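Encoded as structure tokens, the structure appears first; notes follow it.
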Amino acid sequence: MSLELSEQELFRRQSAEQMRALGINPYPAPLYEVNVQTTEILENYPKDNTLYQEVSIAGRIMSRRIMGAAAFAVIQDSVGKIQLYIKRDEICPEEDKTMYNTVFKKLLDIGDIIGVKGYVFVTQMGETSIHVKELTVLSKSLRPLPVVKEKDGVIYDAFTNPEARYRQRYLDLIVNPEIKDVFTKRTKIINTIRNFFDEKGYLEVETPVLQNIPGGAAARPFITHHNALDIPLYLRIANELFLKRLIVGGFDGVYEFSRNFRNEGMDRTHNPEFTAMEVYVAYKDYFWMMDFTEEMIERVAIAINGDTKVTLGDKEIDFKRPYKRVTMGEAILEHTGYDINIMSEEELFAACKKMNIEVDSTMGKGKLIDEIFGEKCEHHYVQPTFIYDYPKEMSPLTKEHRSNPELTERFELFINGKELANAYSELNDPIDQLDRFQQQLKLQERGDTEAMFIDYDFVRALEYGMPPTSGMGIGIDRLTMFMTNSPSIQDVLFFPQMKPEKND
RNA sequence: GACUAAGUAGCUCAGUCGGUAGAGCACAUCCCUUUUAAGGAUGGGGUCCUGGGUUCGAAUCCCAGCUUAGUCACCA
């Protein structure tokens, strides 16, 4: 950010001072009574021209066309834009024409926020406009706005610089207001899920963001320090273990929209902080959770787009349930011809080599299977598909499969070749859980920075007994990307993480 | 982390073979009472991302760096 003021910035500061000299506060304190919004007028006026004869409306000046003693301007409020017709002798009925000649014509600029009172009419060119009788300065803008013009849907001089748009989202929202739609849909997605759970009687809860032991996922945490206790604290990578403690405590169903933090790479689909939603329901298993998940997703699709079919790039995704259900073993058999159920670790290793999948000797059977799936299968699942029955060593919080001890009762939902949700029959055997944690500790000792820590209190909680429970987590940012056809996570976050701006 | 591309006025962008820095919008001054992306005339505005190098001379060529985007890798 430069401390030097541009010519235009200097002019605007001078204009603000000149307003003060004229007794006009460029930042007045009193509220401004607004009685209508732009789109409401445009929807109703031509149909009924007796309406809106005394409007009071406020917004930001987006363009001006001054022709001597009359002028047109366009103001933008939170929902849209409308044209103003401003005539000198209307806003200055007395001898003193300062308000028009000086304040409106010279001291106001594009970007300033004003309030106007007047009546609605249609110009000779057929555009519904407000005939202004009174104009009030509400806020002076000191920086020039990128000027975007639009005619018949064609945008001229669009404000497109992605760096500026993400760093200065407020500016993006002003000049590209259509992006508001993505963010209102994001909120609607969250509200739809919340309503769905509340109808089922599940309780929305809040659990710690600052944790002594970052658990519930395999990821590198952010670390911070608590001064009074003089201990390290971690920003949460997941809320899973806390929600399960609440199931132990006796709730039937709990859920939380959880801002999680992971100290890992950033790209088009990963932001260091992101929003997950996790839900845990007692006395259920992962098959029940599949039904529940598809019901929830279908409802979200309809709430957002009015239809189960959603366009995603050049594809159409149909969120209508039921979704296809394929075990990981079936998926690999279908796409590679290998039957992992009858293969030893050595055979899997050789198969990976044959398929040009990068492997190393540290990888166990589960990891090898996961690699094969990721390389050869994942991208095939464009329409919503549940992949289930994952290898045990990849899933340390998941209950062992009811009929195959090498597997766990886990599923993930894939859409457009990407993981959207992850769920399981929760592991509630405390002995097994401790054993799995200890396996993770061994991985950690071998240098795996993402292996889980042992959470002895969580094990203690399980020792008191947790009912059979199924849990599910879903990435809200990714869901929003799917539902709004956004190719990048930065498009669904108001303020995506950016490298610090150089400030010299 | 690797590779590729981009970075020039407030915004969107040109800039030829290395030879005085350009346009449109925005801004300023003047004219204009129903205009339509931009009415007319005139004018002001630049750390050409940063730092080196080559050269009589660099926005332009070379090297390094910064930022952003894309692809890949890694990772839930």
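None of the values given here were measured: they were computed from a predicted structure. Letters A, B, ... mirror the listed sequences (proteins, then strands); counts begin at 1.
For the pair A:Q124 and A:E378, both in contact range of RNA chain B, the more 5′-proximal nearest nucleotide belongs to A:Q124. Sequence order on RNA chain B of the closest nucleotides to A:V122 and A:S15 puts A:S15 first from the 5' end.
Residue A:Y286 holds its OH atom at 4.5 Å from CD of A:E409, rounded to the nearest 0.5 Å.
For the C1' atom pair drawn from B:rU8 and B:rU60, the interatomic distance equals 11 Å after rounding to whole Å. Taking atom P in both B:rC56 and B:rG43, one finds a spacing of 38 Å when rounded to whole Å. Nucleotides B:rA28 and B:rU68 are separated by 34 Å at their P atoms, to the nearest Å. Of the C1' atoms belonging to B:rG39 and B:rC32, the separation is 8 Å, rounded to the nearest Å. Of the C1' atoms belonging to B:rU16 and B:rC61, the separation is 15 Å, rounded to the nearest Å. One P atom belongs to B:rA58, the other to B:rG70, and the distance between them is 36 Å to the nearest Å. Across B:rA6 and B:rC13, the matching P atoms stand 13 Å from one another, rounded to whole Å. Annotation: B:rG44 and B:rG52 have their C1' atoms spaced 34 Å apart (nearest Å).
Both cation-pi conditions hold for A:R245 and A:F242: the charged atom is under 6.0 angstrom from the six-membered ring centre and inside a 45 degree cone around its axis. A:F104 carries A:R64 over the face of its six-membered ring, with the cationic atom under 6.0 Å from the centre and within 45° of the normal.
OP1 or OP2 of B:rA69 sits under 4.0 Å from a side-chain N or O of A:Q490. Of the side-chain N and O atoms in A:K97, none sit less than 4.0 angstrom from OP1 or OP2 of B:rU33. Residue A:R167 has a polar side-chain atom (N or O) positioned under 4.0 Å from OP1 or OP2 of B:rU68. At the phosphate of B:rU67, OP1 or OP2 sits under 4.0 Å from a side-chain N or O atom of A:K499.
Within the nucleic acid shown, A:F72 comes within 4.0 Å of at least one base atom, counting heavy atoms only. Counting any heavy atom pair closer than 4.0 Å across all strands shown, A:I66 reaches a base atom. Within 4.0 Å of A:A238, counting heavy atoms only, lies no atom of the nucleic acid at all. Among the protein residues, A:R268 comes within range of the sugar-phosphate backbone only, with heavy atoms under 4.0 Å from sugar or phosphate atoms but none that close to a base.
Rounded to whole angstrom, the span from the NZ atom of A:K105 across to the P atom of B:rG39 amounts to 15 Å. We find that CG of A:L5 is positioned 18 Å from P of B:rC27, with the value rounded to whole Å. In this structure, CE of A:M62 is placed 12 Å from C1' of B:rA26, rounded to the nearest angstrom. Taking atom CD on A:E90 and atom C1' on B:rU34, their separation rounds to 13 Å, with Å as the unit. Following rounding to the nearest Å, A:L84 (CG) and B:rU33 (C1') show an atom-to-atom distance of 16 Å. When rounded to the nearest whole Å, the span between CG of A:L10 and C1' of B:rA26 equals 16 Å. As a whole-Å value, the separation of A:R65 CZ from B:rG39 C1' is 11 Å. For the pair A:L107 CG and B:rA28 P, the interatomic distance rounds to 10 Å; values are reported in whole Å.
Ion pairing between a basic and an acidic side chain is recognised when a charged N comes within 4.0 Å of a carboxylate O; A:E406 and A:K365 show such pairing. Using a cut-off of 4.0 Å between Lys/Arg side-chain N and Asp/Glu carboxylate O, A:E256 and A:R236 are scored as salt-bridged.
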Reading nucleotides 2-12 of chain B 5' to 3', which nucleotides get B (base under 4.0 Å from a protein heavy atom), which S (sugar-phosphate only), which -?
--------BSS
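The side chain of A:K106 sits closest to B:rU29 out of B:rU33, B:rU29, B:rC75.
Nucleotide B:rC72 forms a pair with B:rG1, judged by Watson-Crick or G-U wobble geometry with both contacts under 3.5 Å. Across all strands shown, B:rA59 forms no Watson-Crick or G-U wobble pair with both distances under 3.5 Å. Base-pair partner of B:rG10: B:rC25 (Watson-Crick or G-U wobble, both distances under 3.5 Å). In this structure, B:rU20 forms no base pair with any nucleotide, since neither Watson-Crick nor G-U wobble geometry is met with both distances under 3.5 Å. Nucleotide B:rG44 forms a pair with no other nucleotide shown, judged by Watson-Crick or G-U wobble geometry with both contacts under 3.5 Å. Across every strand in view, B:rC32 sits unpaired, with no contact that passes the Watson-Crick or G-U test at under 3.5 angstrom.
The aromatic ring centroids of A:F373 and A:F414 lie less than 6.0 Å from each other. Ring-centre distance between A:Y119 and A:Y52: not below the 6.0 Å cut-off.
The two atoms that bring A:P26 and A:M19 nearest to each other are CB-SD, 3.9 Å, heavy atoms only.
The main-chain N or O of A:D109 is found under 3.5 Å from a side-chain atom of A:D112 such that the two form a donor-acceptor pair.
Inspection of the A:H131 and A:Y85 side chains reveals no N or O donor paired with an N or O acceptor under 3.5 Å.
Between the side chain of A:E163 and the base of B:rU67, no donor-acceptor pair of N or O atoms lies under 3.5 Å.
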